[in-house]
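Notes follow the structure.
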Amino acid sequence: MAAIGEKELLRDLNPEQQEAALHLDGPLLILAGAGSGKTRVLTYRIALLVGPRQVHPGRILAITFTNKAAEEMRGRTARLVGPDAASIWVSTFHSSCSRILRMEAERLGYRRGFVIYDDDDQLRMISSLIKEMGIDNKKYAPRLVRALIEDAKNEMVDVDGYRDKVHDDLTEIAYDVYGAYQKQLMRNNAMDFSDLLNNTIAVLELFPHVLEHYQNHFSYINVDEYQDTNPAQYRLVKLLSAGHRNLCVVGDDDQGIYSWRGADLRNILEFEHDYPDSKVVRLERNYRSTPVILGAANHIVSLINGRKEKKLWTEREGGEAIKYLYAGTGNDEASYVALEINRLLEDGTCGQRDVAVFYRTNAQSRSFEEILLRFGIPYKIVGGFKFYERREVKDVLAYLKCILNPDDSVSLRRIINEPKRGIGLTTVSHLDAFARLQGITLWEAIGRAEEVGNLSSGAAKKLEQFREMIESLANERETASLPAFLHMILERTGYAEAIRKEGTFESEGRLENLQELQNAAAEFVSTHPDEGMEAFLERVSLVAEIDLYDEDEGAVTLMTLHNAKGLEFPVVFIVGLEDGVFPHQRSMDSRENIEEERRLFYVGMTRAKDLLYLTGAAYRSKFGEMKLGPESRFMKDIPREYLEVISCGGPAARDSISSELRSRELEMLGYSFHVGDRVLHNKWGEGIVTAMSRSSSGPEVTVNFPGEGERLLLLEYAPLRKVD
DNA sequence: CTAGTTTGCCTTTTT
DNA sequence: GGCAAACTAG
């Protein structure tokens with residue numbers, strides 16, 4: 001592609017965007033409101049550097065939060081500058097760090113080919129440490145201890161530093177576990193997500209010439225979603241950009257929704273303070289939503305303390321009112337959503353892929369899945385059950401990890417008796433005790449099984465077989481391609497056979513998933529011919545929910561509000577708008593937390609281009625029992641003029657709205673019954689419909705038969721006919 | 001040591 | 001109303 005000219009590039013940008021794209025040297029903060037074209041600015045800025053300004057693409061670093069965002073940015077840059085885009089460092093914090101650490105981790109005492117532990121691995125390890133250390137795991141729940149350790153790591157407080165933070169028995173325990181945890185990670189040659197960041201920082205700070213190398217290397221650094229950076233990420237950016245000082249951060253404090261993961265809004269709020277010579281550009285023109293949606297969203301977010309004042313505006317005019325329903329029950333809410341989607345699709349107002357349903361917690365997806373299934377509307381769920389976190393996938397990957405790095409005892413424990421090969425808990429704890437005594441890894445202990453006391457000869461024999469199996473697989477790793485090697489693992493270990501033997505409906509699904517994993521491996525090999533199996537594992541460890549999302553697929557999208565950030569849809573439903581659900585119960589205890597929920601609401605609303613629906617329900621089954629949930633406190637912050645209230649009768653509406661919705665729903669499904677209809681039953685004769693309801697097995701009617709009394713019938717199977 | 005059963009915990013949000 | 005650790009019987 002011929003180098004694209006500067007004028008040509010700038011033509012596509014509005015004046016503020018141009019200002020941002022053209023400020024190439026020195027620190028720059030772009031305060032980019034929702035839908036204001038920040039990715040556009042970022043890509044054009046990079047295109048400007050690579051094209052007209054002739055900066056070597058390998059010297060540009062662009063950091064995003066998800067791989068999906070990274071790929072999008074790379075793709076869009078490539079369209080502007082051509083193949084040069086391939087050598088730009090566009091990646092997430094975590095993959096940039098692991099890329100650096102692949103080269104530098106040995107300086108910190110790691111061996112080649114460290115593995116990455118995800119939070120499931122992390123929790124397993126912390127759990128087993130707590131057990132081993134004889135700590136009461138009821139009083140000191142592993143999750144809680146993990147949270148404390150994670151908090152410390154997010155703030156780069158190491159084990160020594162944490163000693164000063166100990167102030168009660170819980171933090172005392174956390175301190176002990178933290179120490180043991182880090183020690184074991186090192187022994188296992190493993191890093192968790194936070195270690196990727198912290199170890200990169202450590203390398204840079206401990207080895208000035210390494211720091212200098214990277215500082216010189218990256219002449220331009222761009223960070224997306226800066227409001228979501230945590231202290232470690234802040235420090236990393238600061239270190240890397242200190243050389244050339246060409247740092248551009250893009251973000252929106254109104255969209256900061258990750259404080260629970262250690263993100264600190266002060267990073268963006270105090271940027272100007274941090275870099276006194278910085279330039280600030282505000283992007284407030286919105287290219288996405290109607291003025292109605294924007295107006296309501298502005299109101300929601302205007303109530304936050306200490307935010308950077310922004311007022312989004314648009315040239316669009318008109319727009320439909322936001323529809324608001326506070327239904328009687330969660331089922332009604334789901335029915336209403338499905339009915340509306342169905343109507344929009346039949347009207348031709350929009351297509352399936354144009355619609356999204358956002359909820360606060362993954363657990364809420366179920367009722368919408370059920371009803372969409374019933375309506376025959378295709379849908380896809382982002383998150384919830386993650387491919388790479390499924391048991392069988394993790395098992396096979398654990399085999400791969402073990403073969404590449406036998407010291408990885410978390411993976412080893414996972415597979416040592418999977419499928420069942422007679423190496424049970426007792427055997428493993430004997431080995432474990434021995435390993436701890438000798439200061440060796442679990443794998444090394446298996447190699448010296450004969451020295452381990454009180455191990456039965458049967459157990460020793462099985463361990464020997466297991467060790468030989470792993471070793472023989474390890475010997476093959478050079479000869480087989482990655483997909484073939486995965487296949488070999490599945491067969492030689494008996495893993496596939498064990499699943500096949502089950503012969504259940506689920507086991508077929510699991511076999512399909514394993515096939516899918518091999519496909520993913522094959523695809524990886526063909527797109528990354530020079531990379532090894534370690535690179536595949538790394539890739540797999542760092543994928544996020546949203547990375548697997550394919551917007552071209554024609555289906556309604558269901559996802560959490562957190563996953564929705566960065567996306568847009570013509571039609572958006574935000575559901576579960578009740579105090580306790582959204583805002584979430586656990587966030588209602590402090591002003592800061594409520595404010596974060598409010599930002600989350602803002603993020604959700606601003607995803608909508610044309611139509612926005614807000615729904616909640618007075619009664620919702622929680623923990624199996626019906627609970628009353630008052631209308632979300634956020635609703636009163638939206639001026640009535642923006643809303644079209646479908647019904648706001650609250651708990652009282654429980655029945656009236658129910659029967660109205662029920663009959664519409666049943667009609668939709670091809671059952672044209674209404675309360676008061678006379679019906680004929682094969683066995684009981686004529687009766688009158690007295691109520692409509694829906695159970696988990698489908699829609700039901702209650703019919704009063706003279707002589708028989710009231711009967712509750714499942715419509716799908718009931719031999720009922722309407723009498724005119 | 002395994003397999004089947006009970007209990008007891010849940011539920012934020014995720015790189 | 002579901003899943004995973006903990007318990008119990010062979």
Side-chain angles (χ1 to χ4, degrees), chain A residues 63-70 91-98 116-120 122-124 127-128 131 137-138 141-144 147 150 153-154 191-197 225 228-230 232-233 256-263 358-367 382-386 388-389 391 417-430 456 458-459 462 538-548 559-565 576 580-589 593 596-597 599-601 603-604 620-627 696:
Chain A
I63 301 179
T64 60
F65 253 74
T66 64
N67 293 303
K68 182 171 184 284
S91 62
T92 64
F93 271 105
H94 296 271
S95 38
S96 307
C97 285
S98 67
I116 300 169
Y117 281 174
D118 66 12
D119 37 308
D120 182 52
Q122 185 183 42
L123 192 61
R124 271 166 197 271
S127 287
S128 76
K131 216 178 285 172
N137 65 359
K138 291 268 163 7
R143 286 173 175 281
L144 185 61
E150 263 304 299
K153 295 181 82 161
N154 281 330
M191 297 188 197
D192 64 20
F193 287 137
S194 314
D195 286 335
L196 291 175
L197 294 163
E225 308 283 17
D228 288 331
T229 51
N230 67 21
Q233 289 158 335
I257 54 174
Y258 284 108
S259 77
W260 50 273
R261 212 169 68 195
F358 302 152
Y359 34 78
R360 178 65 237 269
T361 62
N362 277 310
Q364 287 168 260
S365 72
R366 165 159 287 130
S367 55
V382 179
F385 50 97
K386 314 166 193 183
Y388 287 110
E389 282 179 19
R391 203 181 75 206
N417 199 29
E418 193 64 58
K420 304 272 179 277
R421 50 174 70 89
I423 305 174
L425 223 62
T426 342
T427 310
V428 177
S429 16
H430 287 322
S456 74
K462 284 169 183 148
E538 177 173 322
R539 159 77 156 234
V540 157
S541 307
L542 297 177
V543 290
E545 299 292 343
I546 197 70
D547 299 337
L548 303 170
M559 65 170 98
T560 62
L561 285 145
H562 281 87
N563 269 321
K565 194 168 67 158
V581 177
F582 189 27
H584 194 274
Q585 195 66 50
R586 307 266 276 243
S587 300
M588 288 181 14
D589 54 357
N593 285 338
E596 180 144 315
E597 297 282 302
R599 290 192 291 268
L600 189 58
F601 190 30
V603 167
R620 184 181 296 283
S621 111
K622 246 182 193 171
F623 271 124
E625 57 187 322
M626 279 296 201
K627 287 271 233 186
S696 56

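What you see is a predicted model, and the numbers here were worked out from it, not measured in a lab. Chain identifiers are assigned alphabetically (A, B, ...) following the order of the sequence lines, protein sequences preceding nucleic acid strands; residue numbering begins at 1 within each chain.
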Task: Plane angle bin for A/Tyr258 and A/Phe65 - parallel if under 30°, tilted between 30 and 60°, otherwise perpendicular - done: parallel

- [ ] Let me know the distance between CG of A/Leu600 and P of B/dT13, rounded to the nearest Å.
- [x] 11 Å

Open item on the list: Using a heavy-atom cut-off of 4.0 Å across all strands, would you classify A/Asn417 as base, sugar-phosphate, or nothing?
Closed with: sugar-phosphate

Task: Any-strand Watson-Crick or G-U partner of C/dA6, both distances under 3.5 Å - done: B/dT5

Open item on the list: Measure NE2/A/His562 against P/B/dT11 and give the value in whole Å, please.
Closed with: 16 Å

- [ ] Compare the ring of A/Tyr258 with the six-membered ring in the base of B/dT13 and state whether they stack (centres under 5.5 Å, planes under 30°).
- [x] no

- [ ] Please determine if a side-chain N or O atom of A/Asn593 lies less than 4.0 Å away from the OP1 or OP2 oxygen of B/dT13.
- [x] no

Task: Nearest listed nucleotide, side chain of A/Arg261, among B/dT2, B/dT15, B/dT13 - done: B/dT15

- [ ] Would you classify A/Arg143 as touching base, sugar-phosphate or nothing, given that sugar-phosphate means primed atoms plus P, OP1 and OP2, and contacts are heavy atoms under 4.0 Å?
- [x] sugar-phosphate

TODO: Figure out the CD/P separation between A/Gln364 and C/dG2, and round it to whole Å.
DONE: 17 Å

Task: Distance in angstrom units between A/Glu150 CD and B/dT13 C1', rounded - done: 15 Å

Task: Test side-chain contact (heavy atoms from CB on, under 4.5 Å) applied to A/Asn362 and A/Thr560, step by step - done: CA-CA 6 Å; A/Asn362 277 310; A/Thr560 62; 3.3 Å; yes

Task: Between C1' of B/dT14 and CG of A/Leu197, the distance in whole Å - done: 14 Å

TODO: Quickly work out the A/Glu538 CD to B/dT15 P distance and round it to whole Å.
DONE: 16 Å

Task: Length of the line joining A/Phe582:CZ and B/dT11:C1', which is rounded to integer Å - done: 16 Å

Open item on the list: Under 4.0 Å, counting only non-hydrogen atoms across every strand here, what does A/Ser194 touch: a base, just sugar-phosphate, or nothing?
Closed with: nothing

- [ ] Check for a donor-acceptor pair, side chain of A/Glu225 on one end and backbone N or O of A/Thr64 on the other, with a separation under 3.5 Å.
- [x] no

Open item on the list: Would you say A/Ser95 places a side-chain N or O within less than 4.0 Å of OP1 or OP2 belonging to B/dT15?
Closed with: no

TODO: Respond yes when some side-chain nitrogen or oxygen of A/Asn362 is under 4.0 Å from OP1 or OP2 of B/dT14, and no when none is.
DONE: yes

Open item on the list: Is the distance between the ring centroids of A/His584 and A/Trp260 under 6.0 Å?
Closed with: no

- [ ] Establish, with yes or no, whether the OP1 or OP2 oxygen of B/dT14 is under 4.0 angstrom from a side-chain nitrogen or oxygen of A/Asn563.
- [x] yes

TODO: Keeping the roles fixed (side chain from A/Asp192, backbone from A/Asp195), state whether a donor-acceptor pair exists under 3.5 Å.
DONE: yes

Task: Position toward the 5' end of DNA chain B (nearest nucleotide), A/Lys420 or A/His584 - done: A/Lys420

TODO: Using whole Å, report how far CZ of A/Arg586 lies from P of B/dT13.
DONE: 10 Å

